[in-house]
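Contents: one structure, followed by commentary.
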Amino acid sequence: MEELVREKFPIQPNFAFAYGSGVFDQIETKENKSMSQKDRPMVDYIFAVDDPVAWHKANLETNGDHYSAIQYAGADFIANIQENFGASI
């Protein structure tokens, strides 16, 4: 996972972990190697970063397709939602 995070994300997090059905090989994935990327099991990430606005700004430029329509509201709005309406952890 560390290599993938370094390759795909513009600012490295202080801490990261992945979860979801794509983290570990699933039987149907092992048996069907020709499965398209969009049909493969999903991997979700949680990143801890020092500056969420800077992180989202850079990530929106690099990986805008990782976001829903919220991407059009911008990095400040996304960070505000996370900081004020998230899980508060």
Side-chain angles (χ1 to χ4, degrees):
M1 183 178 114
E2 183 178 354
E3 183 178 323
L4 176 74
V5 170
R6 286 181 194 207
E7 290 176 5
K8 300 287 183 189
F9 297 97
I11 297 174
Q12 297 307 295
N14 298 327
F15 172 81
F17 71 90
Y19 64 98
S21 59
V23 173
F24 299 105
D25 284 336
Q26 305 295 309
I27 292 171
E28 65 273 5
T29 307
K30 285 182 179 181
E31 293 174 355
N32 188 356
K33 295 295 183 187
S34 63
M35 187 181 287
S36 72
Q37 185 63 34
K38 76 176 189 103
D39 293 330
R40 295 182 68 78
M42 181 170 249
V43 176
D44 294 299
Y45 299 93
I46 293 182
F47 294 151
V49 297
D50 290 326
D51 186 341
V53 174
W55 193 90
H56 282 295
K57 187 173 186 172
N59 197 49
L60 282 164
E61 292 175 13
T62 306
N63 299 303
D65 62 328
H66 289 184
Y67 295 82
S68 66
I70 199 170
Q71 68 180 297
Y72 301 109
D76 289 309
F77 182 80
I78 295 168
N80 182 51
I81 293 293
Q82 289 181 314
E83 292 173 2
N84 295 304
F85 300 98
S88 298
I89 54 173

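Scope of the values below: all heavy atoms of this structure, side chains included, with no hydrogens, waters or symmetry mates. Numbers here are sequence positions counted from 1.
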* Taking only residues two or more places apart in sequence, or in another chain, which ones meet Glu2 in a salt bridge (charged side-chain N to carboxylate O under 4.0 Å, His left out)? -> Arg6
* **Trp55 vs Ile78 side-chain heavy atoms within contact, under 4.5 Å** => no
* To do: Please tell me if the side chains of Pro52 and Glu83 come closer than 4.5 Å, counting only heavy atoms from C-beta onward.
  =>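 With C-beta onward as the side chain, the pair touches.
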* Within the distance-only criterion (no hydrogens, no angle test), does the side chain of Asn80 pair as donor or acceptor with the backbone N or O of Asp76 below 3.5 angstrom? -> no
* To do: Look only at the side chain of Asn63 and the backbone of Lys8, and say whether a donor-acceptor pair between them is shorter than 3.5 Å.
  => yes
* To do: Go through the structure and list residues passing side chain to side chain donor-acceptor pair (under 3.5 Å) with Asp51, not counting sequence neighbours.
  => none
* Asked: Minimum heavy-atom separation for Ala18 to Val43, with atom names?
  ->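 Reported closest heavy-atom pair: CB-CG1, 3.8 Å.
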* **Minimum heavy-atom distance between Gly74 and Leu60, given as atom pair plus value** => C-CD1, 4.1 Å
* Structure fact -> With sequence neighbours left out, the residues meeting ring pair (Phe, Tyr, Trp, His ring centres under 6.0 Å) with Tyr67 are His56
* Does the pair Asn59 and Phe9 meet the rule for a side-chain contact (heavy atoms from CB on, under 4.5 Å), with working shown? -> CA-CA 7 Å; Asn59 197 49; Phe9 297 97; 3.4 Å; yes
* Asked: Using the benzene-type ring in the case of Trp, are the ring centres of Phe17 and Phe47 under 6.0 Å apart?
  ->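 When the ring centroids of Phe17 and Phe47 are compared, they turn out to be at least 6.0 Å apart.
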* Quick one: do Ile11 and Val53 end up in the same hydrophobic cluster if we chain Ile, Leu, Val, Met, Phe, Trp and Tyr together by side-chain heavy atoms under 4.5 Å apart? -> no
* Hey, quick one: are Tyr72 and Phe77 part of the same hydrophobic cluster, counting side-chain heavy atoms closer than 4.5 Å, chains of contacts allowed? -> no
